[in-house]
Amino acid sequence: MRKLIVAGNWKMNTSVAEGVELAKKVSAYAEQKNLPAGKQIVIAPPFTHLAPVAQVINADKVILAAQDCAATKNGAYTGEVSASMLKGLGVKAVILGHSERRQYFKENSEILLKKIKLALEEGLDVIFCVGETKDQREAGQSLYFNVVKAQLVDTVFTLTKEEFSKIIIAYEPVWAIGTGLTASPEQAQEIHEFIRKEVAANFGDEVAQNTTILYGGSCKASNAAEIFAKKDVDGGLIGGAALKADDFGKIIDAR
Ligand code: PGA
């Protein structure tokens, strides 16, 4: 079902104690808001914070997500955290394909598809990030459309319809992440509409209408409302502005 989601990606920020406090505030906010059905708040703290955060949030009001999971099920993979370990902690969703993972950790579509499948096998929802770099954007529409399309074709478009129903797409232009540069509402709408059309071409109209597509990249309290107002934008994946409960609350209220 198409939802309205405001998701906070904390990245590698906050101490455990700070993260627990932030999670408590977000959870209290969500409880007090009595959110309508179909509107969801997601937080994605670092791995180390997941167990203590799970203890302090109201899981009916706030969905706990991880920022990544391993591309293998279990075994001798030092430092990795598997989808089933996350599931065991009360994690309900995982962010995959974030541009920082693609850029700094060289994650490509092949690796990402393995991660997606393992996450889905554990019953986790997947927030799958796509987006073009600054150079690709500057090369013109047909290029950045093709970049985003290829990121989908090589991964989530290979899934079955049923599997794809667990995928939330996050369009995150790399040039807007953490830079203070935001896509204009029109730029966001243009590519969200394109993504929805591609989903329709691959899985049919009904699936496309039920797909949740988030915007991410310097989304904050001051610009969230106008971006979320666009018809193909179903909320946001928020980095920096998710680290302050008040700012995150304002973004939750933006639509
Ligand atoms: P930002 O990050 O809001 O800090 O730009 C967004 C993200 O990377 O998900």
Side-chain angles (χ1 to χ4, degrees), residues 3-14 18-19 22-23 26 40-47 49-50 62-69 91 93-107 112 115-116 119 124-134 136-137 144 147-148 151-152 155-156 167-185 187-188 191-192 195 212-228 230 233-255:
K3 302 178 202 104
L4 176 63
I5 297 178
V6 178
N9 172 12
W10 296 3
K11 307 192 180 182
M12 198 171 69
N13 292 300
T14 74
E18 287 164 347
L22 178 56
V26 172
Q40 295 184 339
I41 300 174
V42 177
I43 54 173
F47 286 138
H49 301 30
L50 291 170
V62 178
I63 294 171
L64 187 59
Q67 298 173 19
D68 186 28
C69 72
V91 167
V94 59
I95 299 172
L96 293 173
H98 192 281
S99 63
E100 288 150 15
R101 301 291 320 169
R102 293 176 190 263
Q103 184 182 347
Y104 304 133
F105 304 99
K106 307 288 172 249
E107 294 191 4
L112 291 172
K115 294 187 173 198
I116 290 167
L124 302 177
D125 286 344
V126 172
I127 300 176
F128 184 66
C129 304
V130 295
E132 79 286 357
T133 62
K134 186 165 178 284
Q136 291 164 337
R137 160 77 40 178
Y144 62 79
V147 167
V148 169
Q151 290 171 341
L152 295 168
T155 56
V156 291
I167 305 290
I168 294 150
I169 296 173
Y171 168 64
E172 297 212 311
V174 181
W175 49 272
I177 296 177
T179 58
L181 289 174
T182 318
S184 68
Q187 284 173 321
I191 195 132
H192 281 232
I195 291 169
T212 305
I213 309 176
L214 310 180
Y215 169 78
S218 298
C219 188
K220 41 188 182 277
S222 58
N223 60 22
E226 53 175 7
I227 298 173
F228 295 177
K230 290 294 176 190
V233 179
D234 306 313
L237 179 55
I238 319 298
L243 294 170
K244 292 208 178 96
D246 288 351
D247 290 349
F248 194 55
K250 286 185 190 134
I251 299 170
I252 292 167
D253 291 340
R255 189 174 120 190

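Just so it is clear, the structure is predicted and the values come from calculations on it, not from any experiment. For ligands, and for the atoms within them, numbers begin at 1 and follow the listed sequence.
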**Asked** When you measure from atom 6 (C) of ligand 1 to every protein heavy atom, which one gives the shortest distance, and what is it?
**Response** Gly239 N, 3.5 Å
**Request:** Please determine if Ser218 has a nitrogen or oxygen closer than 3.5 Å to a nitrogen or oxygen of ligand 1.
**Result:** yes
**Request:** List in chain and number order the residues that pass ring-ring contact (aromatic ring centres under 6.0 Å, His included) with His192, two or more places apart in sequence or in another chain; answer none if no residue qualifies.
**Result:** Tyr171
**Request:** Give a yes or no on whether the backbone of Ile213 and the side-chain of Asp234 come within a donor-acceptor separation of less than 3.5 Å.
**Result:** yes
**Asked** What are the two closest heavy atoms between Ala170 and Ile127, and how far apart are they?
**Response** CB-CG2, 4.0 Å
**Ligand-side contact atoms (ligand 1) for residue partner Asn9, heavy atom cut-off under 4.0 Å** = 9 (O)
**Message:** Using modelled atom types and a 3.5 Å cut-off, is there a donor and acceptor pairing between side-chain atoms of Gln103 and backbone atoms of Glu100?
**Reply:** no
**Complete:** So side-chain hydrogen bond (donor to acceptor under 3.5 Å, both in side chains) across residues 212-225, not counting sequence neighbours, yields Thr182-Asn223
**Asked** Is the closest heavy-atom distance from Ala241 to ligand 1 below 4.0 Å?
**Response** no
**Item:** contact_flag Gly216 ligand 1 heavy-atom lt 4.0 Å
**Value:** no
**Asked** So which heavy atom in the protein is nearest atom 2 (O) of ligand 1, and how far is it from that ligand atom?
**Response** Lys11 NZ, 3.3 Å
**Fill in**
the protein heavy atom lying closest to atom 9 (O) of ligand 1 turns out to be Glu172 OE2, 2.7 Å
**Request:** Determine, for Glu107 against Arg101, whether the closest basic-nitrogen to carboxylate-oxygen distance falls under 4.0 angstrom.
**Result:** yes
**Message:** I need the contact type for Ala176 against ligand 1. Using non-hydrogen atoms and a strict under-4.0 Å cut-off, is it side chain, backbone, both or neither?
**Reply:** backbone
**Message:** Out of all atoms in ligand 1, which are within 4.0 Å of some heavy atom of Gly240? Include the element for each.
**Reply:** 1 (P), 3 (O), 4 (O)
**Asked** If we ignore angles and hydrogens, is there a donor and acceptor under 3.5 Å between the side chains of Gln67 and Trp10?
**Response** no
**Prompt:** If we only count N/O pairs under 3.5 Å, is Ile238 in contact with ligand 1?
**Reply:** no
**Request:** List the steps and the verdict of side chain to side chain donor-acceptor pair (under 3.5 Å) for Trp175 and Glu132.
**Result:** CA-CA 8 Å; Trp175 49 272; Glu132 79 286 357; 2.8 Å; yes
**Item:** ligand 1 versus His98: contacting region, heavy-atom distance under 4.0 Å
**Value:** side chain
